[in-house]
Amino acid sequence: MIKKDVIVVGAGFAGMQLLHHLRREGFNALILESASEVGGTWFHNRYPGCRCDVESMQYSYQFDKELEQEWKWTELYPSQPEILEYAKHVASRFDLKKDIQFNTRVQSAEYRKNHQHWLITTTTGEQFQAQFCIMATGNLSVPNTPRFNGLEDFKGEVYHTARWPEQPVDFTGKRVAVIGTGSSGIQAIPVVAEQARQLTVFQRSASYSLPAGNRPLSTEEINNTRNNYQQLRDKASQSFGGVVFKGEVNEQSVFDVSETEQQAEFEQRWQDGGVGFTHSYSDLLLNSDANEIASEFIRNKIRTIVKDKTTAELLCPTDLFACKRPCIDTNYYDTYNRDNVSLVSIKDNPIECFTEKGLITDNTEYQFDALILATGFDAMTGAVRNIKIEGNDQQRLDNIWSQGSDNYLGLAVHGFPNLFTVTGPGSPSVLTNVMVSIHQHVNWITDCISYMRTKQLGSIEATIKAQTSWLEQVNTIAGYTLYPSCNSWYLGANIPSKPRQFMPYAGGVPGYRQICQSVVENDYEGFQFQPAGSTSNDH
Ligand code: N01
């Protein structure tokens with residue numbers, strides 16, 4: 001049995017920053033990580049074209065000024081290999097690996113109320129004891145592999161974008177099929193199309209994709225940002241999504257301006273690239289008529305880029321813009337003008353089954369040598385639910401979350417003392433630049449644990465009252481927006497049997513941070529502490 005103050009699960013960006021901060025505060029912490037390396041989602045998602053949709057100089061840590069100055073990003077949007085290199089650099093710079101146990105998958109965590117600690121067990125039976133257990137398991141870390149009929153009969157190669165092999169895959173001369181046209185598919189398709197002999201894309205729903213406008217960063221830009229990093233960080237943390245982009249947030253309604261002005265604004269944002277388009281007008285995510293104007297602008301762009309009219313119409317999304325996370329791309333729509341690329345809609349004719357050589361839909365067999373599943377994730381709750389977490393009174397978190405993601409502030413769950421979730425459901429997390437959200441949560445959790453040490457407190461638990469009221473607030477805010485209007489992974493709608501509930505907090509980064517701060521200022525309002533050594537209500 002190995003004893004620690006804190007066990008952190010996951011060595012992605014959240015886990016790494018936690019380890020660094022906890023050690024700095026003098027805690028004896030250990031990360032348990034199932035992979036053989038740091039990086040979390042950026043370790044596993046190595047598919048061709050994989051890249052972040054937040055600009056590189058903002059998708060980075062802000063806790064160390066020297067780190068900010070020394071790491072040199074090369075492109076406006078960072079590629080997966082570069083992000084992974086950055087994660088490795090941070091790990092070695094802060095000597096993190098000595099407190100990370102790799103190739104170690106946590107199977108269960110059991111809270112021992114009478115000892116005020118967690119007993120954590122791995123799949124090999126190794127056990128760890130710690131007062132605190134922190135889930136830094138990521139929101140997009142458990143791949144979703146749909147149960148296609150007969151998939152196991154297919155004799156070709158099968159890849160999932162979220163579990164891409166470490167060695168590069170060469171599709172030269174091959175017939176390739178891609179299922180899924182979310183962010184991952186949209187990034188992979190243009191790159192695979194350049195290699196493959198034939199690429200067939202099977203699309204269930206069309207996504208809105210905005211041009212990334214990716215390009216190399218100039219030395220001047222890098223120096224400019226480095227010289228003004230604090231201002232950039234401050235501005236980002238005051239912004240709704242924790243990110244600064246060209247064009248700023250436009251506070252006007254789309255109906256405040258003429259059609260000509262609307263189109264000019266959209267065009268400028270389209271040319272600027274990236275998700276700034278979403279902030280062209282203040283009501284795009286609040287009013288479906290406003291949304292439709294932006295949606296139609298994008299559809300018209302698709303119709304202009306894609307030469308084949310039938311393909312262009314199939315690529316035009318019918319959902320509201322941005323109710324699913326918008327994608328950003330490099331040459332996505334133009335890829336459909338290539339002779340070796342074809343699009344098959346499986347919206348009305350779902351995949352019937354796989355065969356040894358391919359798949360059947362609409363009574364037609366499509367044959368290919370390799371299949372890429374770009375079918376997304378069991379988002380936000382998947383990784384935590386995969387661990388058997390037992391809290392007070394033998395309650396299981398996977399059971400509770402099978403009905404809805406009960407939580408307080410996205411940080412804690414009633415019935416599970418001394419357990420924290422970093423950027424968990426109920427926090428802004430996936431609606432933001434997650435590096436900003438991680439930073440805020442890591443600071444909050446580290447401060448809380450330090451406070452407990454100072455006050456000699458043995459346990460902290462969210463009250464049921466605070467949790468219920470928080471869930472109401474999360475739902476109310478989501479209800480003001482158009483987010484719940486389509487079948488997105490934000491709602492768990494991509495996973496059969498998952499409860500339909502809008503999981504993230506849609507009130508924005510500054511408001512959320514303010515709430516978390518006032519909870520602390522009001523003596524951790526909504527949490528209950530027990531003194532260290534307290535054995536009341538032991539089991
Ligand atoms: O996953 P998705 P993703 N039969 O769930 C389809 C982040 N990310 O990996 O829309 C047929 O968005 C599904 O169809 P539908 C980012 O936050 C970021 O692409 O459900 N098709 C959809 O087309 C992103 O939002 C970056 O009808 C099926 C696709 O598979 C999140 O990760 C890059 C199906 C899944 O799309 C997830 O993106 C990559 C079935 N049974 C990812 N099941 C960047 O930073 C699913 N699909 C840019």
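FYI, side chains are in, hydrogens and waters are out, and symmetry mates aren't considered; it's all heavy atoms of this structure. Both counts, for ligands and for their atoms, begin at 1 and track the order of listing.
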Visitor: Between E82 and K72, does at least one N-O distance fall below 4.0 Å, as a salt bridge requires?
Guide: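 No, this pair does not count.
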
Visitor: Quick check on side chain to side chain donor-acceptor pair (under 3.5 Å): which of Q440, H439, H441 does N443 satisfy it with?
Guide: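 That would be H439; it is the only one of Q440, H439, H441 passing the side chain to side chain donor-acceptor pair (under 3.5 Å) with N443.
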
Visitor: Could you give all pairs that pass the ring pair (Phe, Tyr, Trp, His ring centres under 6.0 Å) test and reach residues 175-202, with sequence neighbours left out?
Guide: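 Those involving residues 175-202 are F202-Y366.
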
Visitor: If the criterion is any heavy atom closer than 4.0 Å to an atom of ligand 1, which residues make the list?
Guide: Y47, R51, C52, D53, L140, P146, F148, I179, G180, T181, G182, S183, S184, Q187, R204, S205, K324, R325, I346, A374, T375, G376, F377, W489

Visitor: Hydrogens and angles aside, do Q238 and D234 bring a side-chain donor and acceptor to less than 3.5 Å of each other?
Guide: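 Their side chains do not contain a donor-acceptor pair, so the 3.5 Å distance test is not met.
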
Visitor: How would you list, by chain and number, every residue that makes a ring pair (Phe, Tyr, Trp, His ring centres under 6.0 Å) with Y505, sequence neighbours excluded?
Guide: W470, Y512

Visitor: For D362, which residues count as a salt bridge (charged side-chain N to carboxylate O under 4.0 Å, His left out) partner, sequence neighbours excluded?
Guide: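 With sequence neighbours excluded, D362 shows a salt bridge (charged side-chain N to carboxylate O under 4.0 Å, His left out) to no residue whatsoever.
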
